[in-house]
Amino acid sequence: MEQQLSQKEKMFLEELKSQEDICIQKYNNYASQTTCPQLKQIFQNHAQTEQHHFDSLTQILSGQVPNIQQSSGNKSNFQQPDQWEMKKSASDNQQPADKKKNEYLCHDALSVEKYVSGTYDTAIFEFRDPNIRQVLNHIQSEEQQHGEELFNYMHSNGMYPVQ
Ligand SMILES: [Fe+2]
């Protein structure tokens, strides 16, 4: 990195770090709360990726630009919708109260992903270093991927009706 980070750039990085920190805590917490094994796996994978994001932001704040390939935690864990369809029967056996709870956890996690993705979008426009922009863009795409996985789980379990 050729330039020192500006105050504005640092402010955005600190803000993103605090949001990632909340995501890590939330996903770990939700992984321990859910009764559905597939959803537990999703939450655990997301917690790991959010930790990578947190570490990448810390690295940028310390003056280094992380390697995007290394920050990409869970590409191989990404579950396509057809995989969910095959597993659908397992979560169809959920008790109504459990399903309601899982639905709440998913909706809440999805809201946070939408919010965090928006913060990355706002932040990216303020950075001078194109390499940092690229890292932030990559992280943002992983937040969208998290949203997609949650959407797919919800949709295939009748928690996200599409009209
Ligand atoms: Fe993240």
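Start at 1 with the first residue, then count along the sequence. Remember, it's 1-based here, ligands and their atoms both numbered in the order they're listed. This is a predicted model, so every value here is computed, not measured.
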Requested in this report: Run the numbers on Tyr27 and His46 for ring-ring contact (aromatic ring centres under 6.0 Å, His included), then give the verdict.
Outcome: CA-CA 7 Å; Tyr27 276 126; His46 289 191; 5.0 Å; yes
Query raised in the report: Just wondering, do Met154 and Leu110 contact through their side chains at under 4.5 Å, heavy atoms?
Result: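 Sidechains of Met154 and Leu110: in contact.
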Query - Beyond-backbone contact of Phe12 with Phe127, side-chain heavy atoms, under 4.5 angstrom - result: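 A side-chain contact exists here, since the closest heavy-atom pair is under 4.5 Å.
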Requested in this report: Only one of Val135, Val65, Asp129, Leu16 passes side chain to side chain contact (heavy atoms under 4.5 Å, CB included) with Ile60; say which it is.
Outcome: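 Answer after filtering Val135, Val65, Asp129, Leu16: Val135.
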Requested in this report: Check whether the side chains of His52 and Glu142 place a donor and an acceptor atom closer than 3.5 Å, and report yes or no.
Outcome: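 Absent: no donor and acceptor within the cut-off.
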Query raised in the report: Are there any protein N/O/S atoms under 2.8 Å from the Fe ion (ligand 1), and if so, which?
Result: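 Short answer, with waters excluded from the count: Glu20 OE1, Glu20 OE2, Glu50 OE1, His53 ND1, Glu143 OE2.
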Query raised in the report: Within a radius of less than 6.0 Å around OH of Tyr160, do more than 12 heavy atoms belonging to other residues, nucleotides or ligands occur?
Result: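 No, the 6.0 Å shell around OH holds no more than 12 heavy atoms from other groups.
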